[in-house]
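Read through the structure below, which is laid out as structure tokens, and then see the notes.
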Amino acid sequence: MKRTLPPFTAVRAFESAARYSSFKDAAEELNVTQSAISHQVKALEEFLGSALFHRGNKGVGLTPTGRAYFDDVTSILDQLDASTRRRRDCETDGPLNVRSTPAFAARWLVPKLNRFNSAYPDIELCITTTIATTDFRKDDVDVLLQYGQASASGLRVDSFLSSSRVPVCSPKMLEGAPPIQDPDDILRHTLLRDVVGDGWDDWFERAGVHCAKPPQGPHFEHCDLSLRAAEQGQGIALAYKALVADEIAQGVLVKLFEFETEPKVIYSVTCPKSWINRPKIAAFRNWLFEEAGEIDAPASTTPSESSDYIPALPYPN
């Protein structure tokens with residue numbers, strides 16, 4: 001039996017416009033003009049013999065017919081996308097685009113990459129860092145290593161690294177004045193603070209340090225900057241222990257006291273859930289879990305049942 005199929009270009013235009021509720025955004029995604037989207041949608045409506053959008057001064061919205069057709073088309077395109085990607089990505093070789101926070105890349109990921117490269121020599125990791133929001137629909141990203149456990153529709157989020165926090169400083173600071181012999185002595189020094197998730201109040205409570213007003217100190221956009229300042233002797237940073245294990249072992253940083261904050265999940269690996277079984281992504285995820293070992297804090301895996309890829313939330317460190 002001969003199939004009754006609509007023009008595929010018109011279907012793509014409709015699906016994008018329906019997903020964004022905007023002809024303008026659809027035009028940007030498909031790299032065509034807004035007029036072209038309008039013409040393609042109109043052609044599809046004529047083909048179907050039914051209006052798909054309400055058009056008004058405030059934008060466009062789906063008609064009941066449009067909503068039903070969008071649900072069907074989305075399911076079909078998702079299956080086509082997944083099948084196509086399986087055919088294209090059937091081997092564990094070629095590039096894998098990994099986006100990370102600056103601190104995690106510098107302090108944890110990069111020092112361990114030789115082991116990944118040895119295990120998977122045919123996978124070419126392309127690592128970028130940012131503290132901006134990631135949108136898998138638009139950004140050239142396969143895997144996001146994000147701070148925390150933030151989830152969004154269509155994303156698979158798996159926690160893999162947890163850590164407590166400890167105060168650290170350079171060895172030179174211990175040689176100078178004023179001395180640091182008790183937790184209260186920290187109040188006599190500069191505190192290096194992170195803009196998000198500072199944590200010092202939690203540590204002071206844990207260590208039994210009571211202060212009406214903690215000392216002032218510079219604030220840093222992400223923790224790699226505060227740690228670099230600590231390495232240079234500019235003050236005391238409250239570090240995630242999992243990120244400074246090598247620096248402490250090498251004597252670059254010194255852990256001050258045994259008091260630690262409660263461990264919490266600090267990093268998760270994220271990708272669209274329909275990508276989870278791609279061989280390269282699966283290999284990288286498995287390697288992350290093996291390197292990180294058991295986590296010491298409650299973790300949650302938060303896959304969504306939606307198939308829409310929307311941006312993950314921002315992450316600060």
Side-chain angles (χ1 to χ4, degrees), residues 99-111 127-134 145-150 161-268 313-317:
R99 176 171 288 181
S100 170
T101 66
F104 182 79
R107 299 280 169 174
W108 195 95
L109 181 59
V110 171
I127 299 172
T128 59
T129 63
T130 184
I131 58 172
T133 299
T134 294
L145 304 177
Q146 67 169 344
Y147 177 80
Q149 299 169 273
L161 187 65
S162 66
S163 181
S164 57
R165 300 181 79 171
V166 295
V168 295
C169 69
S170 72
K172 292 182 179 180
M173 281 198 65
L174 295 179
E175 301 171 0
I180 307 175
Q181 298 176 334
D182 298 305
D184 292 275
D185 294 334
I186 287 181
L187 300 177
R188 303 162 67 190
H189 290 267
T190 299
L191 298 188
L192 306 173
R193 299 177 177 275
D194 298 329
V195 171
V196 177
D198 177 62
W200 273 111
D201 289 344
D202 291 340
W203 187 85
F204 285 140
E205 181 178 356
R206 190 84 168 174
V209 176
H210 303 286
C211 55
K213 185 178 180 181
Q216 297 298 308
H219 291 67
F220 298 90
E221 186 177 37
H222 55 78
C223 65
D224 187 48
L225 298 178
S226 58
L227 290 175
R228 290 187 184 278
E231 291 169 354
Q232 296 170 5
Q234 298 180 23
I236 301 173
L238 191 63
Y240 290 106
K241 192 166 68 170
L243 299 186
V244 294
D246 290 343
E247 287 78 4
I248 291 175
Q250 297 164 6
V252 177
L253 290 171
V254 177
K255 174 185 173 183
L256 301 175
F257 312 113
E258 294 302 315
F259 300 105
E260 301 179 3
T261 63
E262 287 289 336
K264 69 172 186 177
V265 171
I266 56 173
Y267 288 101
S268 301
L313 300 179
Y315 44 93
N317 285 305

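Just so it is clear, the values below take in all heavy atoms, side chains as well, and ignore hydrogens, waters and symmetry mates.
- Salt-bridge formation is not detected for the pair Glu262/Arg165: no Lys NZ or Arg NE/NH1/NH2 atom is positioned less than 4.0 Å from an Asp or Glu carboxylate oxygen.
- Between the side chain of Ser163 and the backbone N or O of Lys241, at least one donor-acceptor pair lies under 3.5 Å.
- Applying the side-chain hydrogen bond (donor to acceptor under 3.5 Å, both in side chains) criterion to Arg188, with sequence neighbours excluded, gives no partner residue.
- In this structure Glu175 satisfies the side-chain hydrogen bond (donor to acceptor under 3.5 Å, both in side chains) test with no other residue, sequence neighbours excluded.
- With contacts defined as side-chain heavy-atom distances shorter than 4.5 Å, the pair Thr129/Arg99 does not qualify.
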Working for side-chain contact (heavy atoms from CB on, under 4.5 Å), residues Asp185 and Leu187
CA-CA 5 Å; Asp185 294 334; Leu187 300 177; over 6 Å; no

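- Here Arg107 pairs with Glu231 in a salt bridge; the nearest charged N to carboxylate O distance falls below 4.0 Å.
- Residue Cys223 comes nearest to Leu243 through the heavy atom pair SG-CD1, 4.0 Å, listed as atom of the first residue, atom of the second, then distance.
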Assess the residue pair Val254 and Ile248 against the criterion (side-chain contact (heavy atoms from CB on, under 4.5 Å)); give the C-alpha distance rounded to whole Å, side-chain angles, the decisive distance to 0.1 Å, and a yes or no.
CA-CA 6 Å; Val254 177; Ile248 291 175; over 6 Å; no

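- At least one side-chain heavy atom of Lys264 sits under 4.5 Å from a side-chain heavy atom of Tyr240.
- In terms of modelled atom types and a separation under 3.5 Å, the side chain of His189 and the main chain of Pro178 share a donor-acceptor contact.
- Considering only heavy atoms from C-beta on, Gln232 stays 4.5 Å or farther from Ser170 through its side chain.
- Applying the ring-ring contact (aromatic ring centres under 6.0 Å, His included) criterion to Phe204, with sequence neighbours excluded, gives Trp200.
- Phe259 does not carry Arg206 over the face of its six-membered ring by the limits of under 6.0 Å from the centre and within 45° of the normal.
- For the pair His219/Asp194, no side-chain contact is recorded, criterion being any heavy-atom separation below 4.5 Å from C-beta on.
- Under the 3.5 Å distance criterion, with hydrogens and angles disregarded, no donor-acceptor pair is assigned to the side chains of Thr261 and Asp202.
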